[in-house]
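Shown next, in structure tokens, is the structure this report addresses.
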Amino acid sequence: MKPLGISPWIPLYARILLMDIKEQLSQALDKVVDDFKQEGLISQEQKYKFNVDIPRNRQFGDFSTNLSFLMAKDLKKAPKEVASIIMDKFNRELAPAIGKIEIAPSGYLNFFANQGFVHDVIKKIETQDEAYGHTSAGNGLKVQIEFVSANPTGPLNVVSARAASVGDAMGNFMKAAGYDAFKEFYVNDAGVQARLFGESFRVRYLQLFGFENEIPENGYHGEYLIELALLAKNNSYFAEYDDPQSIPVESFSKVGLEWMLQKQKEDLSQFGVHFDCWFRETSLHADNKPLKVLEILKQRGHVFESEGAVWFRSTDFGDEKDRVLVKTDGNTTYFLNDIAYHHDKFERGFQKVIDIWGPDHHGHILRMKAAMKALGHPEDSLEILIVQQVNLLRKGEKVKMSKRAGQIETMEDLVKEVGVDAARFFFLLRGSDSHLDFDLEVAKYQTNDNPVFYVQYAHARVCSVFAKAAEKGVPILSTSQVDLNRLALVEEAEIVKILANYPDVVADAARAYEPHRVVRYLMDLATRLHQYYNQFQIIGDDVELSKSRLVLLKIVQIVLQNGLNSLGVSQPERM
RNA sequence: GCGCCCGUAGCUCAGUUGGAUAGAGCAGCGGUUUCCUAAACCGUUGGUCAGGGGUUCAAGUCCCUUCGGGCGCACCA
């Protein structure tokens, strides 16, 4: 891994040269605001959260700011007038990459980058290479992301797969954006469900020996337990018992859960998702964490006893009813265990905790946040995101899922059908809190209608052009060996501008917990590349021009690689 | 009944922590073309941002409300 951002040993002039143009602009504008303060035109405490945006329409410049609107009120002047004063005060030495500055009739200040900007961006991307996109936006904030966390009582389904895609990409983008991100999977290997699973497993196992037992009412009816029972029998998992009926339920639970957990780990690993920690609920109980956290809640006065149970007064925090922590049978509830787990996360030093939950848990958000508040953790230190359900389609027709028969669409089947790349990409096509229609057929198309193909092909296309260049004896050189001034087309400047924005897109995706923004970005970049390719000859008679254009393709390739890599999607050289 | 998510072009969806004339793909319409890998490319039609009210210099975006969808409301996990 290369060092993040701008390395400290680069001389000062080079740092200014390489510094993001938006950063240049922000600082120059900050200076302008300071000047206003020096002159006493606005109060010292006044702060403006102005934007430096890339306007949609090119005629509005390469960058624009709304600062004049924000200051207009305090200065009691029209925005356009304010813009004029800002322009006068604007110190151009602080923003050498800026050429022309314009005041729009509306009052916007529009900035046009000079050609040097294009060169700077190209050099920066070439230098940073696979570290391009890394920033220090997150300031090293210690963040934990917990996701998937499916019960080890069955195979992973498609919603888990979606959560895996979202959580993993988010972790990757947060790391790139300078957060200290940690990925964790909570293993629910204790409690009622674990026991029910063991009982169900036991029934399936005994059936193989001719004992006709019934699976408990709320047990697990899926066929995978029959397969597991067969496996257990054939491999003599319970060899130490002569009589199958004498095998305790606990043994079934333990063996079954470990087997399922192993299976989940393998599936996720194959999916390209790797966790920093698999946290076991049993370890929580081993340290008596639930009762310890209950004690804290008691001391803070949020607990009461009623009807033989122990309750958390969550209504104090806006919940519609109070919640049970310890049942009348003396067992702790899932809720209390989960409170203990989340409290433990903070005890481990995480400053920010992000949970990604399935749609069936969204009713629990309020009470968990209430519990964290009750424990004294800052209001926004816990963020809970919901990954919504996935509708599997086949050529527009809904794929029938019969949960009653225990048939669920498993992650394994999905990956088997469409592959890892398509699955991971499709799951990040939409915001995670909206329902996703996943068309299995479209995901397999080898055409532009398939967004994964479209983006991956952009990468393959660059590789293909490089192969052609080699064939024709045109070398792929570094920026210092070509004349970047030959990249004089508007289309080329536009592509470079998009490339320049990549670190911001990553940082924004991380800040907003919305990894799909990067997917949108990559689709946009791919579009630009395809258009450019279709319109202009990369390798032509003008060898010098060809060399320059190959450099442009090279840096496009770098960004495509960095983006796809963070998404867990491969970058094929040929398709 | 209560809570959360959603409602943007014919369809599927974007819309950058409130910013300029709301965008893309598909479908439709019109045209070009066999060129470094594609039945491809280019252009174009189409929206009262579900309806109403409010805050603001500025609202698809924030607040209230109505309608219409989805999901969740266990001493299960």
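Lettering follows sequence order; numbering is per chain, from 1.
When the P atom is used for both B:U32 and B:G46, the distance is 23 Å, rounded to whole Å. B:A14 and B:C6 have their C1' atoms separated by 15 Å, given to the nearest Å. B:G60 and B:C67 have their P atoms separated by 24 Å, with the value rounded to a whole Å. With both ends at atom C1', the span from B:G52 to B:U16 equals 29 Å, rounded to whole Å. Taking atom P on both B:C2 and B:G68, the two are 15 Å apart, rounded to the nearest angstrom. Nucleotides B:A24 and B:U8 have their C1' atoms positioned 13 Å apart, rounded to a whole Å. Straight-line distance between the C1' atoms of B:G47 and B:G10: roughly 11 Å, to the nearest whole Å. Comparing the same atom, C1', in B:U33 and in B:G69 gives a spacing of 46 Å after rounding to whole Å.
You'll find that the side chain of A:Arg520 is closest to B:C13, out of B:C35, B:A20, B:C13. Taking every side-chain heavy atom of A:Asp433 into account, B:C5 is the closest of B:C75, B:C5, B:U12. You'll find that the side chain of A:Asn534 is closest to B:C41, out of B:C73, B:C41, B:A77. Counting only heavy atoms from C-beta on, A:Arg574 has its side chain closest to B:U37 among B:U37, B:C57, B:C36. The side chain of A:Ile538 lies closest to B:C36 when the candidates are B:C75, B:C36, B:C26. Residue A:Arg430 has its side chain nearest to B:A14 when only B:A14, B:A38, B:C35 are considered.
OP1 or OP2 of B:U16 has not a single side-chain nitrogen or oxygen of A:Arg517 nearer than 4.0 Å. Between B:A20 and A:Arg56, a contact under 4.0 Å exists linking OP1 or OP2 to a side-chain N or O. Put simply, A:Lys321 has a side-chain N or O that comes within less than 4.0 Å of OP1 or OP2 on B:C75. OP1 and OP2 of B:C75 both lie 4.0 Å or more from every side-chain N or O belonging to A:Arg323. The side chain of A:Asn448 places an N or O atom within less than 4.0 Å of a non-bridging phosphate oxygen (OP1 or OP2) of B:C41. Contact between the side-chain N/O atoms of A:His516 and the OP1/OP2 oxygens of B:G15 is found at a separation under 4.0 Å.
Contact annotation for A:Gly431: backbone-only contact, meaning every heavy-atom pair under 4.0 Å involves sugar-phosphate atoms and none involves a base. Contacts of A:Gln531 with the nucleic acid, taken as non-hydrogen atoms under 4.0 Å apart, involve only primed sugar atoms and P, OP1 or OP2. When heavy atoms are screened at a 4.0 angstrom cut-off, A:Lys327 is found touching base atoms of the nucleic acid. Note on A:Lys73: only backbone sugar-phosphate atoms sit closer than 4.0 angstrom, heavy atoms only; bases stay farther off. Contact annotation for A:Asp449: backbone-only contact, meaning every heavy-atom pair under 4.0 Å involves sugar-phosphate atoms and none involves a base. No engagement by A:Met523 is indicated, since no non-hydrogen atom pair under 4.0 Å with the nucleic acid exists. As judged by a 4.0 angstrom heavy-atom cut-off over every strand, A:Ala512 is placed among residues making no nucleic acid contact. Across all strands, A:Asp189 comes closer than 4.0 Å to no nucleic acid atom at all (heavy-atom distances). The residue A:Glu217 sits apart from the nucleic acid: no heavy atom pair falls under 4.0 Å. No contact: A:Phe466 has no heavy atom under 4.0 Å from any strand. Nucleic acid contact for A:Tyr533: base, since at least one base atom lies under 4.0 Å from a heavy atom of the residue. Among the protein residues, A:Ala309 comes within range of the nucleic acid bases, having at least one heavy atom under 4.0 Å from a base atom. Within 4.0 Å (heavy atoms only), A:Phe335 reaches no atom of the nucleic acid at all.
The aromatic rings of A:Tyr186 and A:Tyr341 lie parallel to each other, with less than 30° between the two planes, well short of the 60° mark.
The base of B:C36 is not paired with the side chain of A:Ser464 by any donor and acceptor separated by under 3.5 Å. Counting distance only, with no hydrogens placed and no angle test, the side-chain atoms of A:Asp524 and the base atoms of B:A14 include no donor-acceptor pair under 3.5 Å.
The residues A:Glu409 and A:Arg162 are annotated as not salt-bridged, no charged nitrogen and carboxylate oxygen being separated by less than 4.0 angstrom. Look at A:Lys468 and A:Glu471 and you find a salt bridge, because one of the NZ, NE, NH1 or NH2 atoms lies within 4.0 Å of a carboxylate O, short of that distance.
Ring centroids of A:Phe453 and A:Tyr445 are separated by 6.0 Å or more, keeping the two rings apart.
Across all strands shown, nothing is found opposite B:A59 as a Watson-Crick or G-U wobble partner with both distances under 3.5 Å.
Each of A:His302, A:Met372, A:Lys369 was evaluated against A:Phe317; a single residue qualifies, A:His302, per the side chain to side chain contact (heavy atoms under 4.5 Å, CB included) test. For the pairing with A:Asn337, the side-chain hydrogen bond (donor to acceptor under 3.5 Å, both in side chains) check across A:Glu281, A:Lys289, A:His342 returns one residue only, A:Glu281.
A:Phe36 is listed as a side-chain neighbour of A:Ile85, based on a closest heavy-atom distance under 4.5 Å.
Only A:Pro359, A:His361, A:His362, A:Gly363, A:His364, listed by number, bring a heavy atom of residues 359-371 of chain A to less than 4.0 angstrom from any atom of RNA chain B. Proximity of residues 63-71 of chain A to RNA chain B (heavy atom under 4.0 angstrom from any strand atom) is restricted to A:Ser64, A:Asn66, A:Phe69, A:Leu70.
A cation-pi arrangement is present between A:Arg461 and A:Tyr533, with the terminal nitrogen or guanidinium carbon under 6.0 Å from the aromatic centre and inside a 45° cone about the axis. For the pair A:Lys100 and A:Phe112, the cation-pi criterion (under 6.0 Å, within 45° of the ring axis) is fulfilled.
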| query | Is there a ring-ring contact (aromatic ring centres under 6.0 Å, His included) between A:Phe279 and A:Phe185 once you walk through the steps? | reply | CA-CA 6 Å; A:Phe279 191 100; A:Phe185 186 118; over 10 Å; no
